[in-house]
Amino acid sequence: MYFRLLFFYIFIIMACNTNESPDNAEVASKNTAVPLRSEIDDKYKWDMSAIYATEDAWEKDLDYVKKLYPGLADFKGKLLSSPDVLLEAIELRNKVNQTLWKLYHYASNSSNADVRNEKFQEMVQRVINTSVKIGETTAYFTPELIDGDYSTLEDFMSQNDYLRTYEKQFKDLFISKPHILSEKEERLLTMAGKITGVANDAYDIMRATDFVWPTFEDENGNKLTMSQGRYGKYTKSTDRRVREDMYEALYVPFKGNINTMSVLMKGNVEGHIFYADARGYDSSLQAKLKGDGISTDVYKNLVKSVNDNLQPLHRWAEMKAKYLGVEKIKPFDTYAPLADSTVVYTYEEAQEIILEALDPLLSSNEGELRDFTEKMYNENLIDVFESKGKQSGAYMSSTWGLPPRIKLNFSGTLDDIFTLAHELGHAYHSYLSQKNQPYATYRYTTFNAEAAAIATEALLMDHLLANAKNDDEKAFLIQNYIQSIGSTYYRQTRFAEFELLIHEAAENGQILTEDFLTESFGEMYSRYWGPYMEITEEEAYSWSRIPHFYYNYYVYTYATSFAAAEKIAENVRNEGQPAIDDFIAYLSTGSQDYPVELLKIAGADMTTSEPFEAVSRKMNYLMDELEKILEVKSLKDVEL
């Protein structure tokens, strides 16, 4: 909620692992190491000087915040004295928070570009420490506001129209009143934030700096040092030996540190439970969802709906086994191509493909989003390629008053183009919400965030399928579509179910040992994939490889949003411009209403099971189409 200081308001989006970039292919072919950041052209890297020209300027802003925030203490006991005093206090807090997030935006993105750089790690920590102090100073805000009756705030808003900007936040406060503590207790919880975030920090640093990666041999016998960035390429190798060797190399550092990682996961979960218990919620799940106006039934219905419709995923495993010529597939076969493509895209080609595919969206409103996309492309707002020390995966990061920034690890695959489209979808959401909403409601929930990004991906896929030149290209695209359903819908629901299981287990007194985590994860994996999957020892350990488990019930939004996004894309296919207009209206809403209600603006009603069941139907349809092409191809191969 608005009056609670958020420690990490930054979008860390789906980890789309990639290998070295095609522009650095020559370097990568001669060396086993991932390129240094200094070896990458500046035009493919963030220009952080656009935020702060020098680190001295950053230091001055931090000093400014430290001098400014103590003034918030002057409003203690006075918030409800008059509408003008309340607004003055809110606006001062806005000024403090806006500057604080600008500081964090600079430091955290700089750190993620090279997590080995301790200077930026220190800067991030200094911002966090300052945020804790601010939280202590303003701990009285919420208890004081809810101490009276809501009619007082209603009266204030009638006297000062601008206070209406905060009406939803005021209502949320009173809805959450049973879970808001005394000023002293709120201050203690704020101070605890420095401790409860340590597990996540340690996990990130361990993965980025302490892991020693082994080597594996590619299709030509070249030895390559394993990295999380190379996983994306070699998991799709047509050579099963390469896939298996790469897969085993990937898990060497995770298995070697599995006991430490189990302790970190235990600390992470216990932190979530601590806050839920302290505030009197029934569970950690309720604590996470209630503030966003989402019922725990939405989460549990997702898990139930997917478990009731696992047949398409089981069928996909059976198809994989049949066309790969094995009795059962193993986890390293899940992305093995049934239809292959040797196309490697340059980053510039990826940019043009997206401009063409999203043209109906980008050309609306006199080309506003097209101009914005060109700005993202041309003003060093996208950090493109993998480099040594760079955080894996991809995300979009935004804060008030600054353009969004995107982090990629682009390697030239089709998946990388979809990742760029995904993060641009987040950027469109941030840009339009900031443009059309006041500061109080420009932020949007993760529940709504992923629907925007995945809908953008769906529009890209529809364009590519409609313009496929032949059956081979169509088969490759359909395969990728099915893989996307598997990885974004089924896989993320499996993660959501695992996350719920370990939290509920800990809440019921179960110790989260490594054995419990590994056995539970392995059992769930086998159940989701069905009888044509033979699980490996490594896959049971793979809970330790998922950073999203540290984000506190985040992953379920991928699955719910996938279903919503498919509905939005279907509306665009069937209705054209009116549906595009609805989508743009949705992207402009920020958090002006509750998440489920906002999705209805885009034409997706998540209060029913229909969107989830529709995804299963879509996957079966796509498999029917792919089988037709593969059967014809098999017959031709026999004739030859």
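The structure presented is a predicted model; accordingly, all values stated were derived computationally and were not measured.
Residues S411 and E386 are not in side-chain contact: their nearest non-hydrogen atoms beyond the backbone lie 4.5 Å or more apart. Side-chain contact between I546 and R491 is present, with heavy atoms from C-beta onward closer than 4.5 Å. In this structure, the side chains of Y550 and M265 come closer than 4.5 Å at one or more pairs of heavy atoms.
Between F549 and F495, the angle of the ring planes goes over 60°, which puts this pair in the perpendicular group of the 30/60° scheme.
Between the side chains of S616 and Y490, at least one donor N or O sits under 3.5 Å from an acceptor N or O. Checked by atom type, the side-chain pair Y251/R545 shows a donor-acceptor distance below 3.5 Å. Looking only at atom types and distance, the side chain of T446 has no donor-acceptor partner in the side chain of Y551 under 3.5 Å away. Side-chain contact, E356 with N467: no donor N or O sits under 3.5 Å from an acceptor N or O. Under the 3.5 Å distance criterion, with hydrogens and angles disregarded, a donor-acceptor pair is assigned to the side chains of E514 and T518. Between the side chains of D416 and T419, not a single donor N or O lies within less than 3.5 Å of an accepting N or O. Under the 3.5 Å distance criterion, with hydrogens and angles disregarded, no donor-acceptor pair is assigned to the side chains of Y489 and E566. Using modelled atom types and a 3.5 Å distance limit, the side chains of T373 and Y428 yield a donor-acceptor pair. Under the 3.5 Å distance criterion, with hydrogens and angles disregarded, a donor-acceptor pair is assigned to the side chains of T445 and N448. A side-chain N or O of Y247 and one of E539 form a donor-acceptor pair less than 3.5 Å apart.
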Pair E368, L432 - check side chain to side chain contact (heavy atoms under 4.5 Å, CB included), show working. CA-CA 10 Å; E368 179 180 13; L432 288 174; 4.0 Å; yes
D297/N301 under side-chain hydrogen bond (donor to acceptor under 3.5 Å, both in side chains): CA gap, chis, key distance, verdict: CA-CA 6 Å; D297 289 342; N301 286 341; 5.6 Å; no
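A salt bridge links R315 and D624; the closest N-O separation between the charged side-chain nitrogens and carboxylate oxygens is under 4.0 Å. Salt-bridge annotation for E625 and K628: present, with a side-chain N of the basic residue lying under 4.0 Å from a carboxylate O of the acidic one. The pair R241-E244 does not meet the salt-bridge criterion, since no charged nitrogen lies less than 4.0 angstrom from a carboxylate oxygen. Looking at R573 and D462, a side-chain N of the basic residue comes within less than 4.0 Å of a carboxylate O on the acidic one, giving a salt bridge. No salt bridge links R405 with D383; every basic N to acidic carboxylate O contact stays at or beyond 4.0 Å. Checked for salt-bridge contact, E499 and K288 miss the test: no charged N lies under 4.0 Å from a carboxylate O. A salt bridge between E631 and K322 is present, with a side-chain N of the basic residue lying under 4.0 Å from a carboxylate O of the acidic one. Of the charged side-chain nitrogens involved, at least one lies within less than 4.0 Å of a carboxylate oxygen, so that D359 and R370 count as a salt-bridged pair. Electrostatic pairing of E570 and K618 does not count as a salt bridge here, judged by no charged N lying under 4.0 Å from a carboxylate O.
The minimum heavy-atom distance linking Y203 with S544 is given by the pair OH-O, 2.7 Å. Closest heavy-atom contact between A602 and N571: O-ND2, 3.5 Å. The shortest non-hydrogen separation linking Y299 to L285 is CD1-CD1, 3.6 Å. Here the closest heavy-atom approach between residue S430 and residue M396 is recorded as OG-CE, 3.1 Å. Between T560 and L302, the shortest heavy-atom distance links the atoms CG2-CD2, 3.9 Å. Closest approach of N620 to P312, counting heavy atoms only: ND2-CG, 3.7 Å.
The aromatic ring centroids of F216 and Y234 lie less than 6.0 Å from each other. Ring to ring, F372 and Y431 are close: their centroids are under 6.0 angstrom apart.
Although no hydrogens or angles enter the test, the distance criterion places a donor-acceptor pair under 3.5 Å between the side chain of K320 and the main chain of A336. Of the possible polar contacts, none joining the Y444 side chain to the H429 backbone as a donor-acceptor pair under 3.5 Å is found. K407 places a side-chain N or O within 3.5 Å of a backbone atom of G393 that can act as its donor or acceptor partner. H314 contributes a side-chain N or O that, together with a main-chain N or O of Y528, makes up a donor-acceptor pair within less than 3.5 Å. For K600 (side chain) and M606 (main-chain N/O), no donor-acceptor pair under 3.5 Å exists by modelled atom type. Distance alone, capped at 3.5 Å, is enough to place a donor-acceptor pair between the T456 side chain and the A452 backbone.
Within the model, atoms OH of Y553 and CG of L500 stand 5.0 Å from one another, a figure rounded to the nearest 0.5 Å. Once rounded to the nearest 0.5 Å, the distance linking NZ of K330 with CG of L324 reads 13.0 Å. Taken to the nearest 0.5 Å, the CZ atom of R243 stands 11.0 Å off from the CG atom of D245.
More than 12 heavy-atom neighbours from other residues, nucleotides or ligands sit within 6.0 angstrom of CZ on F254. Within a 6.0 Å sphere centred on CD of Q577, other residues, nucleotides and ligands contribute more than 12 heavy atoms.
Of the listed residues (H548, Q492, E450), just one forms a side-chain hydrogen bond (donor to acceptor under 3.5 Å, both in side chains) with Y554, and that residue is E450.
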